[in-house]
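Predicted model, so just to flag it, every value in this text is computed and none were measured. Residues: numbered from 1 along the sequence shown.
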Amino acid sequence: MVRKSKTETEQTRQDIIAAARKIFAARGVSRSTLEQIATEAGVTRGAIYWHFKDKPDLFFAMMEQVSLPLIDHIDEGMLANNLDDPLRNIQESMNEIIQLLKEDEIARTTFEIIHFKCEYVDEFTALDNHAIKTRCNFIQILNRAYDSAHSKGLLRSGLDPALCALDSYTFIKGLVRLWISDIDGDIIRNQTTALISTHIAMRYP
């Protein structure tokens with residue numbers, strides 16, 4: 001048996017993730033099987049187990065493929081963009097998340113699966129705990145930005161930077177979910193820029 005190179009092995013892993021995304025989107029996570037994913041990826045079921053412990057592990061890898069680069073990009077933007085106005089950086093980062101949904105089919109499909117195609121029960125009950133690290137990273141980025149805004153006198157008096165970070169995380173998470181639901185674009189999709197602008201405007205003195 002010829003051993004695969006690291007590049008070939010990684011490509012197989014990526015092919016499996018791509019196949020899982022397609023099957024999850026079409027059938028829902030609970031109704032998808034590893035056999036179906038293996039067939040879509042053109043590999044054996046054993047090949048899936050070589051790369052992933054089980055279906056939740058594969059689901060989490062699919063989620064991280066989008067979420068981790070996004071968090072890194074947002075973190076870099078917060079540090080490299082308008083250092084004089086951290087609140088504006090938060091606004092721009094939120095707009096970039098929505099822009100990603102508009103332009104990137106992989107990201108859009110992944111978020112759709114996370115929000116609407118997965119029941120977090122049975123073997124997936126603990127999955128939300130695995131996602132805590134990603135959420136905490138994003139909240140920490142927001143917290144640093146709000147702390148910076150507070151130190152620059154840009155945050156309205158009486159507002160707690162930590163609570164503002166949690167509020168903004170809750171806001172953008174809900175906005176993403178509603179954006180995905182609003183297929184016709186009549187309610188949310190055409191208003192996202194204004195909604196984000198208003199959310200941030202309420203932070204200024």
Side-chain angles (χ1 to χ4, degrees), residues 21 60-118 120 127-205:
R21 184 183 299 107
F60 190 61
M62 177 204 69
M63 183 169 63
E64 281 198 325
Q65 189 184 58
V66 171
S67 62
L68 293 184
L70 177 61
I71 294 300
D72 288 342
H73 177 72
I74 290 172
D75 196 17
E76 291 174 2
M78 291 288 189
L79 294 174
N81 291 334
N82 188 351
L83 299 180
D84 293 329
D85 191 346
L87 295 182
R88 193 63 60 201
N89 286 346
I90 296 173
Q91 181 175 340
E92 291 175 2
S93 294
M94 289 183 173
N95 282 320
E96 286 182 8
I97 291 173
I98 299 301
Q99 195 64 30
L100 182 71
L101 292 175
K102 294 178 180 178
E103 298 178 351
D104 191 320
E105 183 179 357
I106 289 176
R108 184 170 58 253
T109 301
T110 301
F111 278 112
E112 181 180 347
I113 293 168
I114 292 170
H115 286 290
F116 299 108
K117 299 294 182 73
C118 182
Y120 295 92
L127 189 63
D128 204 38
N129 291 330
H130 289 292
I132 288 177
K133 181 178 179 180
T134 301
R135 292 201 299 269
C136 285
N137 287 344
F138 188 26
I139 293 170
Q140 287 171 1
I141 293 170
L142 290 169
N143 209 337
R144 289 200 303 269
Y146 277 116
D147 277 336
S148 179
H150 180 263
S151 67
K152 293 175 182 295
L154 296 175
L155 196 63
R156 182 159 54 84
S157 176
L159 292 183
D160 183 329
L163 288 179
C164 284
L166 284 172
D167 182 53
S168 286
Y169 169 77
T170 303
F171 168 78
I172 193 62
K173 184 176 181 180
L175 187 60
V176 166
R177 183 181 179 89
L178 291 170
W179 189 95
I180 295 171
S181 300
D182 186 26
I183 297 175
D184 295 331
D186 296 333
I187 303 173
I188 297 296
R189 291 195 180 188
N190 293 329
Q191 304 294 332
T192 52
T193 301
L195 287 168
I196 291 170
S197 178
T198 300
H199 176 80
I200 297 299
M202 292 187 293
R203 268 77 172 135
Y204 285 100

Got a second to check how far [X]'s [atom1] is from [Y]'s [atom2], nearest 0.5 Å?
X      : Y      : atom1 : atom2 : answer
Thr110 : Ile113 : OG1   : CD1   : 5.5 Å
Asn89  : Ile141 : CG    : CD1   : 12.0 Å
His199 : Ile90  : NE2   : CD1   : 7.5 Å
Asn137 : Leu142 : CG    : CG    : 11.0 Å
Leu87  : Glu92  : CG    : CD    : 11.5 Å
Met62  : Ser67  : CE    : OG    : 9.5 Å

State whether the side chain of [X] and the backbone N or O of [Y] hold a donor-acceptor pair below 3.5 Å, judged by distance alone.
X      : Y      : result
Ser148 : Arg144 : no
Asn95  : Gln91  : yes
Thr109 : Glu105 : yes
Thr192 : Ile188 : no

Minimal non-hydrogen separation, [X] against [Y], with atom names:
X      : Y      : result
Leu101 : Ala107 : CD2-O, 4.4 Å
Val66  : Pro69  : O-CD, 3.5 Å
Ser168 : Tyr146 : OG-OH, 2.6 Å
Ile180 : Ile183 : O-CG1, 3.9 Å
Lys102 : Arg108 : O-NH1, 3.2 Å
Ala149 : Pro86  : N-CG, 3.7 Å

Legend entry - Working for side chain to side chain contact (heavy atoms under 4.5 Å, CB included), residues Phe138 and Ile172: CA-CA 11 Å; Phe138 188 26; Ile172 193 62; 3.7 Å; yes

4.5 Å side-chain heavy-atom contact, [X] and [Y]:
X      : Y      : answer
Thr198 : Leu195 : no
Met63  : Phe111 : no
Ile74  : Ile97  : yes
Pro205 : Leu155 : no

Legend entry - Test: Asp184 and Arg189 ion pair at under 4.0 Å: no

Legend entry - N-O pairing of Asp167 and Arg203 below 4.0 Å: yes

Inset, instruction - For atom NE2 of His150, decide whether the heavy atoms of other residues, nucleotides or ligands shown that lie under 6.0 angstrom number more than 12. - result: no

Legend entry - Enclosure of Leu68 CG (heavy-atom neighbours >12, cutoff 6.0 Å): yes

Inset, instruction - Go through the steps to decide whether Arg88 and Tyr204 satisfy the test side chain to side chain contact (heavy atoms under 4.5 Å, CB included), and finish with yes or no. - result: CA-CA 10 Å; Arg88 193 63 60 201; Tyr204 285 100; 3.4 Å; yes

Inset, instruction - Decide whether Asn143 and Tyr169 meet the rule of one side-chain donor and one side-chain acceptor closer than 3.5 Å. - result: no

